[in-house]
Amino acid sequence: MSDVLRVPSAKIALSTASVYPERTPDAFELAARLGYDGVEIMVGADPVSQDVDVLERLVDHYQLPILAVHAPCLLVTQRVWGRDPWAKLVRAQKAAERLGARTVVVHPPFRWQRDYASDFETGLARMREETDVTFAVENMFPLRARGNEVVPYAPSWNPVDHDFPQVTLDLSHTAVSGTDALEMAAKLGDRLAHLHLADGVGTPNKDEHLVPGRGGQPCAPILERLATTGYGGLVVLEINTRKAASRSERVDDLAEGLAFARLHLAASTAGA
């Protein structure tokens, strides 16, 4: 018997959100320099993130693919690509198809988006029939105040118990919600199609997105689990570097996150 190093086919991408307040082109430059397999576009206020023509030129210039598109469904992006949430998803799908991205990340609807929320599961099912793009619904978290829990999402912040064939597991969000991330991954099984790799210490109502290994989430065990179960989805570093004292510190954080992911995706197994 000998030890065999088994490295899964999962690619590691850099979310463009990880370089904020730098811009989308900077994310391409840093991802290419550090050796990421591609990028995930967080569609947001940066005009470049919204412009498929410019994104195509960045792909060509850096020879780095766009592997996923995060639809503009945050509170701060409610007016990006219009106000109609279904129109946003259709536009994200078209952008992904044109850019060659295989995944669109989407959040559950807000509770006040009543029509959208009531049709969310069946609407996503209809869209899946029209495209090869995967729609991976992300786990979110409740808000807590004075001992009360408020859930701003419908049907829930937790996609595990709903009929979503593909799910994004975000490890900063599991920290905020107090969820056992390993248990959630086990319950999702093959439905876990996308991983947002980050960390958190579980501060109430604070979505920290720390560099993996700097919080209390089981980032290493999750990656090792994916490696040993033949995971073929994406691993996306989605961290917060806004408070980096310098660009070199930001680059160090992005390099550390990539090294962490590659290390723990390489699972040592026994083989003949």
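Residue numbers run from 1 in the order of the sequence given.
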- [ ] Verify side chain to side chain contact (heavy atoms under 4.5 Å, CB included) between Leu89 and Val106, making sure each step is shown before the conclusion.
- [x] CA-CA 8 Å; Leu89 280 192; Val106 58; 3.6 Å; yes
Open item on the list: Between Asp253 and Arg214, does the salt bridge (charged side-chain N to carboxylate O under 4.0 Å, His left out) criterion hold? Intermediate values first, please.
Closed with: CA-CA 11 Å; Asp253 285 349; Arg214 298 186 189 176; 3.0 Å; yes
Distance-minimising heavy-atom pair for [X] and [Y]:
{"X": "Gly213", "Y": "Asp199", "result": "N-OD2, 2.9 Å"}
{"X": "Leu192", "Y": "Tyr231", "result": "O-CE1, 3.3 Å"}
{"X": "Val176", "Y": "Asp207", "result": "CG2-CA, 3.8 Å"}
{"X": "Gly215", "Y": "Val201", "result": "CA-CG1, 3.9 Å"}
{"X": "Leu67", "Y": "Leu234", "result": "O-CD1, 3.4 Å"}
{"X": "Val39", "Y": "Ala27", "result": "CG1-O, 4.4 Å"}

Open item on the list: Atom CZ of residue position Arg262 - does it have more than 12 heavy atoms of other residues, nucleotides or ligands inside 6.0 Å?
Closed with: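 Yes - once you tally the heavy atoms of other residues, nucleotides and ligands closer than 6.0 Å, there are more than 12.
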Task: Candidate pair Leu58 and Val48, rule side chain to side chain contact (heavy atoms under 4.5 Å, CB included), full reasoning - done: CA-CA 10 Å; Leu58 288 170; Val48 173; 3.8 Å; yes
Task: All pairs passing salt bridge (charged side-chain N to carboxylate O under 4.0 Å, His left out) where residues 161-174 contributes a residue, at least two apart - done: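 Listed by first then second residue: nothing to list.
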TODO: May I have all residue pairs that pass salt bridge (charged side-chain N to carboxylate O under 4.0 Å, His left out) and include part of residues 55-68, sequence neighbours excluded?
DONE: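 Those involving residues 55-68 are Glu56-Arg98.
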Open item on the list: Going by side-chain hydrogen bond (donor to acceptor under 3.5 Å, both in side chains), name the pairs with one or both residues in residues 62-72, residues two or more places apart or in two chains.
Closed with: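 Matches after skipping sequence neighbours: His70-His107, His70-Glu138.
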Task: Pairs flagged by side-chain hydrogen bond (donor to acceptor under 3.5 Å, both in side chains) wherever residues 76-96 is involved - sequence neighbours left out - done: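 For residues 76-96: Gln93-Glu97.
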Open item on the list: Test of understanding: with salt bridge (charged side-chain N to carboxylate O under 4.0 Å, His left out), list the residues that count as partners of Arg33, not counting sequence neighbours.
Closed with: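 With sequence neighbours excluded, Arg33 shows a salt bridge (charged side-chain N to carboxylate O under 4.0 Å, His left out) to Glu29, given in chain and number order.
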- [ ] Apply side chain to side chain contact (heavy atoms under 4.5 Å, CB included) to Thr122 and list each qualifying residue two or more places apart in sequence or on a separate chain.
- [x]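 Partners of Thr122 under the side chain to side chain contact (heavy atoms under 4.5 Å, CB included) test: Asp119, Arg126.
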Please tell me if the side chains of [X] and [Y] come closer than 4.5 Å, counting only heavy atoms from C-beta onward.
{"X": "Leu169", "Y": "Ile222", "answer": "yes"}
{"X": "Val133", "Y": "Val69", "answer": "no"}
{"X": "Asn139", "Y": "Thr179", "answer": "no"}
{"X": "Ile239", "Y": "Pro212", "answer": "yes"}

Task: Modelled atom types, side-chain donor and acceptor of Thr174 and Gln217, under 3.5 Å - done: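 Yes, Gln217 and Thr174 have a side-chain donor paired with an acceptor closer than 3.5 Å.
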